[in-house]
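The block underneath contains the structure these notes are about, expressed in structure tokens.
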Amino acid sequence: MEPSFPSEQSMSMFDRINRWVRTSTMLKLAVIGILVLVLLIPTAMLQSLISERESTRNMAVAEVSSKWGAEQVIGGPVLSVPYETTVNDANGQVQRQTEYAHFLPDELQFDGSIRPEKRSRGIFTVMLYNTRLNIKGTFKKPLVASLGLSASAMRWDKAFLSLGISDVKGIREAIKFRLNDRLVEAEPGIAGGDILPSGVSIPLALNADTYAFETTLNLNGSTQLSFLPLGKETRVRLQSPWSTPSFTGSFLPDQRRITASGFEANWKVLQFNRNFPQQGIGNFLTRSGRGEVVSPGQQPSELPSFGVKLLLPVDEYQKTMRSAKYGIMFVMLTFVAFFFVEILDRRRIHPIQYLLVGFAICLFYLLLLSISEHMPFDWAYLIGSVIILVLITGYVRYVFRNVRLTVLFSTVLALLYGFFYSLLQLEDYSLLLGSFGLLLMLGIIMYLTRHIDWYQAYEPADVVKA
């Protein structure tokens, strides 16, 4: 039963203030606004928790990858020839030192397959792979005169090929090169490390005009495989049974085919597509755009690379974070529904009851996070939303004391869960759908409240009639 109010003449100052507090629409809206601001705190804490769990997952991935093989970048082979030069040290003494002239291949081709492997670290899934690459190409005999070097200064007997591998822990088999008609086993490490900081090297006797090379690389890695376009013409062909690739780097594939059974991609990169020459001295690949050597402490221009990243079909943390970002809007729409139940049915709802329902909505995102770590995100969203719907429905049944209003409110809440789930699924059209959805909600609210006298919205019916 709604309370009856005494006449204005018989009310004391305290009664008038009490009546204003109970019947002021603006005051109630202000209180609701304050409650929304209060609920920003648990919403922000939930987003922080999601980031923390994602960071924990990334640490697990890094730990497994450090033992199996990290993201791999393959570069080369590069032909290097040492030569001796003289420099003056700080005391004016002449010192002899060894430097390297480097020559990039004319043709460079990678042809391989990627076999993905899933490993678990606790409750987290780590995306690993093994790749077998056939690498082949050709070099021409180096012309050192174009570099301003004397042929007599070159140590031709110490020339070598270097194959860059960013994480050598991933090498699974001995690497053997076929150089023209000779079979040569690679040695660990790269002398000088001017261009390629880690990998293997192969001694090469420079006694022909053209050098053809070929090798097979059995390599473990995680998440991503990339290549450096060091040939005059660099070709890469990859195929894998993984159905959710992401092509990364400076160049997209010229041809690609992605199906439910895997993908196949082909790249072709010319020397004109990059910003460094075919030969040079020292680390000539990382010079500034004006051709100047980058001094210590400066950031060198990044070498262009390209490749593929094996994406997990669903990243539950990214989807949960996107859901949590909609959380405060969900709370506001739920409070609006509560408020209009008050207005249209002239039923008083205490701010504590608003707050309890708001906390229940925030709890949904915690359930979503915890459940999605153990099952697919869609099922986690369904289970979490059903649990919160049952909880809130059971509560508002005693708040409204009206079965029709309870069913109507629960239906509105279920539609909101469905609406926000649709926003998560339609990434490209989420803004468009969200805009029209909010426009529709505003239109419904305006239609339902078109006859309300907001100055007497909380007055009991008998007072309004009087």
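Side chains included, hydrogens not; waters and symmetry mates left out as well; all remaining heavy atoms used.
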Is a donor on one side and an acceptor on the other found under 3.5 Å between the side chain of Ser240 and the backbone of Arg115?
-> no
Check whether more than 12 heavy atoms from other residues, nucleotides or ligands sit under 6.0 Å from atom CD of Glu173, and answer yes or no.
-> yes
Kindly indicate, with the supporting measurements, whether the criterion side chain to side chain contact (heavy atoms under 4.5 Å, CB included) is fulfilled by Ile135 and Leu108.
-> CA-CA 7 Å; Ile135 307 171; Leu108 181 59; 4.2 Å; yes
Closest contact, heavy atoms only, Val81 versus Ala159 = CG2-CB, 4.0 Å
Would you check if Leu133 and Leu238 make a side-chain contact, meaning some heavy-atom pair closer than 4.5 Å?
-> yes
Side chain to side chain contact (heavy atoms under 4.5 Å, CB included) assessment of Tyr211 paired with Leu161 | CA-CA 11 Å; Tyr211 303 89; Leu161 291 181; over 6 Å; no
Output the distance between atom OG1 (Thr216) and atom CG (Asn134), rounded to the nearest 0.5 Å.
-> 5.0 Å
Between Ser410 and Thr393, is any side-chain donor less than 3.5 angstrom from a side-chain acceptor?
-> yes
Going by the side-chain contact (heavy atoms from CB on, under 4.5 Å) test, name the single residue among Ile388, Leu389, Val390 that passes it with Ile392.
-> Ile388
List the steps and the verdict of side chain to side chain contact (heavy atoms under 4.5 Å, CB included) for Tyr100 and Ile190.
-> CA-CA 12 Å; Tyr100 295 87; Ile190 299 175; over 6 Å; no
Of all heavy-atom pairs between Val184 and Arg182, which one has the smallest distance, and what is that distance?
-> CG2-NH1, 3.6 Å
Euclidean distance, Ser80 OG relative to His102 NE2, rounded to 0.5 Å = 4.5 Å
Would you mind reporting whether Phe335 and Leu39 have side-chain heavy atoms less than 4.5 Å apart?
-> yes
Can you list the steps and then say if Val78 with Leu230 is a side chain to side chain contact (heavy atoms under 4.5 Å, CB included)?
-> CA-CA 8 Å; Val78 175; Leu230 299 186; 3.7 Å; yes
Nearest-0.5 Å distance, CG of residue Leu225 to CD1 of residue Ile74 | 6.0 Å
Phe263 versus Val308: any side-chain heavy-atom pair under 4.5 Å?
-> yes
Tell me, yes or no, whether the heavy-atom count around Met332 atom CE, taken from other residues, nucleotides or ligands under 6.0 Å, exceeds 12.
-> no
Please confirm whether the backbone N or O of Phe139 pairs with a side-chain atom of Asp106, one donor and one acceptor, at under 3.5 Å?
-> no
Are Val200 and Ile171 side-chain neighbours, meaning at least one heavy-atom pair lies under 4.5 Å?
-> yes
Side chains of Phe377 and Thr320: does their closest heavy-atom pair fall under 4.5 Å?
-> yes
Taking the side chain as every heavy atom from C-beta outward, state whether Leu104 and Phe276 have any pair of such atoms under 4.5 Å apart.
-> yes
Spell out, as yes or no, whether a donor-acceptor pair under 3.5 Å connects the side chain of Arg274 to the backbone of Pro229.
-> yes
Got a donor-acceptor contact below 3.5 angstrom from the Thr56 side chain to the Glu52 backbone?
-> yes
Does Ser305 use its side chain to pair, donor to acceptor, with the backbone of Leu228 at less than 3.5 Å?
-> no
Should the heavy atoms of other residues, nucleotides or ligands under 6.0 Å from CZ of Arg237 be counted, would the total exceed 12?
-> yes
Drop me the distance from Thr234's OG1 to Asn273's CG, to the nearest 0.5 angstrom.
-> 9.5 Å
Where do Ile258 and Pro245 come nearest, in terms of heavy atoms and distance?
-> CD1-CG, 3.9 Å
Donor-acceptor contact present, side-chain Ser250 to main-chain Phe306, <3.5 Å | no
Can you name the closest pair of heavy atoms from Ser222 and Leu128 and give their distance?
-> CB-CD2, 3.6 Å
Do we see a donor-acceptor contact under 3.5 Å between the side chains of Gln72 and Ser166?
-> yes
Tyr365 OH to Tyr381 OH distance, which is reported to the nearest 0.5 Å | 6.5 Å
Give, for atom CG of Leu333 and atom CG of Leu416, the distance between the pair rounded to the nearest 0.5 Å.
-> 5.5 Å
Can you tell me if Tyr129 uses its side chain to pair, donor with acceptor, with the backbone of Gln224 under 3.5 Å?
-> yes
Is the Tyr417 to Phe364 ring centre distance short of 6.0 Å?
-> yes
Correct closest heavy-atom pair for Gln278 and Gly231 would be OE1-C, 3.9 Å
Check: Leu35 and Leu355 side chains under 4.5 Å, non-hydrogen atoms = yes
Looking only at heavy atoms, which two atoms of Leu310 and Pro116 are closest? And how far apart?
-> CD1-CB, 4.2 Å
Test item: Phe160 and Leu204 side chains (from C-beta on) under 4.5 Å apart, heavy atoms = no
Could you list all the ring pair (Phe, Tyr, Trp, His ring centres under 6.0 Å) pairs where at least one residue sits in residues 36-84, not counting sequence neighbours?
-> none
